[in-house]
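So the structure is just underneath, and the comments pick up after that.
Residue numbers count from 1 along this sequence. All figures in this text were calculated on a predicted structure; none of them were measured in a lab.
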Amino acid sequence: MQKGSYYIVNFDQKSQPPLKISVHRFWRRLPRQQRTTIIGSLFLLLLVFIYVVYYKHSTKSIEDIPYEQHLSVINKEKETWPKKQLQENQLSTARTFSTPTNDRQIAVRDGMRHAWKAYRTYAWGYDELEPISKTPSVWFGLGCTIVDAIDTLYIMNMTEEYNQAREWIKTSFNVDSTSVDKYNSHFEITIRLLGGLLSIYHLTMDEIFLKRATELGDRLLLNFNSLTGLPYTEINLKQNITNPSPPTSELSTAEVGTVQLEMRDLSRITGDKKYENAADKSAATLHNQAKNDGLVSIAINSATGKFSGPIVTFGARGDSYYEYLLKQWLQTGQKRPSNQKHSNFFPDGVQQHLWRRAYPKEFYFVGELMDMTTFSPKMDHLACFLAGNMALGWNFHRSLTHLFDMAKNLTETCYQMYAQQPTGLSPEIAYFNIDPNSTKSSIIIHEGDTHNLLRPEVVESLYYMYHLTGDKIYQDWGWKIFQAFEKYSRIDNGYTTIGDVRNKSNVQPRNKMESFFLAETLKYLYLLFDTTNLFPFNQWVFNTEAHPLPIYSN
């Protein structure tokens, strides 16, 4: 053996000790520095092995995992779809729309032009118009009426007005402006602004709208950074900070359950899965909670993600949570079993716990549970979306004929909330007589509930019912509602909400033109009066602000 050699084992000599002893002596005779190097290298190899095994497991496709388990497997890091998949999922051509085809559509478009002209004159760049005082109303600081209504302008082929709106969005929509340096509703920004930008992008394929939607979506994404994945209720877009709720606070179920369509669509058109991952995580939290035959409370705990509180309603604070159960399933190509499960299940809960008949007229309606058991014969105008939602669900499950029957009956009741009033306009809330021996009328209006806010839910359901059945009675009902708006809500400078639908001589104008009147009510009326369905139900789904988004194949 040469001097200085580290090889101490001579395998040619039979007299050498056993191998394990020689290895031991070999190890002991190594210099300390070299032993340290070997140990470090082995440890590094072990870490690499663990990482490879873990990474292979953790990056298993979310599509291969039951939807209820998404909460624990969603990757928070940026992911992208293959370019081929993105192209397959994304609509690649702009849509064009013709001028109105009949007198009713022309009348609705004239109403839209009247509302837009007033807003353009007195509130341009601000969020909404106060039409009586002819002053602007500030809310988000992001030109809400412009962004909310631009797809309505485009669908109605109002070229000049559309170009005005596009130019403002291009040059003045700014999430860093001082006007947005305040806390605003995450839910309202999502459905009105993000939804509006996504919709008009799909209709035009104009990159400026995608750019603005991405800028806004990146800010909103911060609000999902909670322990449960449920978004915080408020966000300051300029400061890019959230307004976390106290650990014991309750969130509105509708608000946290009505942001998934928009975030998922943003992922599909950008190819960046981070938005959809946030949507999936929040949806999984909602789906994993206990429910009563599919029904849930209107409140949910911000820290635990568990439903809390005694009230179940399809009106305020509960409505669009149920709406998005069905629409998320449709949006993802009917491939999400969890959404299908819950969207199929809650109508049964409605039928068991909330469905009643009013007397003496045969008006069927959806009431409320006040302590999860005590029934209240109260129905918000907001709840009238349910008729169209059930009709849409029936369209994809034709064997569930009870869904269509319920949709038909509820649509008629919701229309009667208009027809039974002297002005032909519905109150915000109605109560129903469920005592067959009572002499009261079927629909009862309480003081404090007599106002009309230009809401869209009834004409929304009329739109679905007409295009699913072809029955022109729904168009006729919609025309009567529009004429009532023209008579009692239209003023010289736009349209206004009113305070008393019972008093034809004094409707008590309230000096407010909601952005959703342009974005939803007039849009649904215009689509209702078209002889063909401009947005086939197997290709498009509307968000809760009536912004059409495409249905994807997966």
Side-chain angles (χ1 to χ4, degrees), residues 187 228 230 233 248-260 282-302 304-329 338-339 341-358 363-390 392-393 400 402-403 406-407 409-410 413-414 417 427-434 443-444 446 449 455 457 461 544:
F187 161 74
T228 60
L230 298 176
T233 57
T248 57
S249 71
E250 292 184 340
L251 308 175
S252 165
T253 299
E255 289 185 355
V256 299
T258 317
V259 292
Q260 288 77 20
S282 63
T285 297
L286 292 167
H287 289 332
N288 288 337
Q289 307 309 316
K291 301 173 179 64
N292 179 24
D293 294 326
L295 305 180
V296 300
S297 166
I298 61 172
I300 189 167
N301 186 276
S302 59
T304 66
K306 295 184 181 298
F307 293 109
S308 58
I311 299 176
V312 174
T313 179
F314 278 75
R317 301 188 67 194
D319 50 355
S320 49
Y321 159 79
Y322 300 98
E323 177 186 357
Y324 270 34
L325 292 178
L326 171 65
K327 291 184 175 181
Q328 289 184 78
W329 178 64
S338 181
N339 284 329
K341 170 187 172 183
H342 292 286
S343 63
N344 286 349
F345 197 37
F346 82 75
D348 292 336
V350 171
Q351 195 171 37
Q352 293 179 40
H353 302 287
L354 304 178
W355 191 251
R356 295 289 192 280
R357 176 191 169 180
F363 295 156
Y364 289 90
F365 69 99
V366 175
E368 299 181 351
L369 295 181
M370 303 312 295
D371 57 6
M372 302 303 287
T373 56
T374 303
F375 180 81
S376 170
K378 168 180 175 286
M379 186 171 76
D380 293 2
H381 186 287
L382 286 166
C384 287
F385 88 92
L386 183 58
N389 192 259
M390 289 192 295
L392 183 62
L400 302 178
H402 69 284
L403 277 184
M406 292 172 70
N409 288 329
L410 184 58
T413 299
C414 288
M417 288 169 61
E428 177 70 0
I429 298 171
Y431 287 80
F432 293 85
N433 175 24
I434 57 176
I443 300 177
I444 303 165
H446 291 178
D449 299 333
R455 289 199 185 276
E457 289 78 21
S461 289
T544 196

query = How far apart are the closest heavy atoms of A358 and F365, and which atoms are they?
reply = N-CE2, 4.1 Å
inquiry  = Checking the side chain of S302 only, and the main-chain atoms of E250 only, is there a donor and an acceptor separated by less than 3.5 Å?
reply    = no
message = Give me the atom names and distance for the closest heavy-atom approach of M417 to A430.
response = CE-CB, 3.9 Å
note = Nearest heavy-atom approach of A387 to A407 is O-CB, 3.3 Å
task = Please report the C-alpha distance between F307 and L286 in whole Å, then the side-chain angles of each, then the deciding distance to 0.1 Å, and finally whether the side-chain contact (heavy atoms from CB on, under 4.5 Å) criterion is met.
result = CA-CA 8 Å; F307 293 109; L286 292 167; 4.1 Å; yes
query = What's the spacing between Q328 CD and E323 CD if we round to 0.5 Å?
reply = 10.5 Å
request  = Could you give me the CA-CA distance, side-chain angles and deciding distance for L325 and H287, then say whether side-chain contact (heavy atoms from CB on, under 4.5 Å) is met?
outcome  = CA-CA 10 Å; L325 292 178; H287 289 332; 3.4 Å; yes
inquiry  = Is the ring pair H446/Y431 parallel, tilted or perpendicular, if the boundaries are 30 and 60 degrees?
reply    = parallel
ask   = Going from CG on N409 to CZ on R357, what distance comes out if it is rounded to the nearest 0.5 angstrom?
value = 10.5 Å
message = Taking ring pair (Phe, Tyr, Trp, His ring centres under 6.0 Å) as the definition, give me every residue that meets it alongside H402, ordered by chain and number, with sequence neighbours left out.
response = none
task = Please confirm whether the backbone N or O of S320 pairs with a side-chain atom of T544, one donor and one acceptor, at under 3.5 Å?
result = no
inquiry  = When you compare the side chain of L326 with that of L392, does any pair of heavy atoms fall below 4.5 Å?
reply    = yes
ask   = Do you know the tightest heavy-atom contact between T258 and F187?
value = CB-CE1, 3.6 Å
ask   = Is a side-chain N or O of N288 found less than 3.5 angstrom from the main chain of A284, in a donor-acceptor match?
value = yes
message = Using the rule given for side-chain contact (heavy atoms from CB on, under 4.5 Å), can you reason through V350 versus M406, listing the C-alpha separation, both sets of side-chain angles and the distance that settles it, and then say yes or no?
response = CA-CA 10 Å; V350 171; M406 292 172 70; 4.0 Å; yes
task = Test M379 against every option in I443, L410, I429 by the side chain to side chain contact (heavy atoms under 4.5 Å, CB included) rule and name the one that passes.
result = L410
message = For the NE2 atom of H353 and the CG atom of L295, what is their distance to the nearest 0.5 Å?
response = 6.0 Å
request  = With side-chain contact (heavy atoms from CB on, under 4.5 Å) as the test, would you mind laying out the steps for Y322 and L386 before giving the verdict?
outcome  = CA-CA 9 Å; Y322 300 98; L386 183 58; 5.7 Å; no
query = Between P347 and L403, which heavy-atom pair has the shortest distance, and what is it?
reply = CB-CD2, 3.4 Å
query = When you measure from the side chain of Q289 to the backbone N and O of G305, does any donor-acceptor pair fall under 3.5 Å?
reply = yes
query = T228 versus T304: any side-chain heavy-atom pair under 4.5 Å?
reply = no
ask   = To the nearest 0.5 Å, what is the distance between OG1 (T285) and CG (L230)?
value = 5.0 Å
ask   = Which heavy atom in A316 sits nearest to a heavy atom in D380, and how many Å separate them?
value = N-OD2, 3.1 Å
key: Contact check, side chains of D293 and D348, non-hydrogen atoms, under 4.5 Å   = no
ask   = Would a distance-only check, ignoring hydrogens and angles, find a side-chain to backbone donor-acceptor pair under 3.5 Å from D371 to T374?
value = yes
ask   = Do you see a donor-acceptor pair shorter than 3.5 Å between the side chains of S282 and Q260?
value = yes
remark   = Residue set satisfying ring pair (Phe, Tyr, Trp, His ring centres under 6.0 Å) with F363, at least two apart, ordered chain then number -> none
key: side chain to side chain contact (heavy atoms under 4.5 Å, CB included) partners for I311, two or more places apart   = I298, T313, M370
task = Would you kindly check if the NZ (Lys) or CZ (Arg) of R356 is within the cone defined by 45 degrees around the ring axis of F375 and under 6.0 Å from the six-membered ring centre?
result = yes
request  = Hey, could you give me the NZ/CG distance between K306 and N301, rounded to the nearest 0.5 Å?
outcome  = 9.5 Å
inquiry  = Using modelled atom types and a 3.5 Å cut-off, is there a donor and acceptor pairing between side-chain atoms of S297 and backbone atoms of S308?
reply    = yes
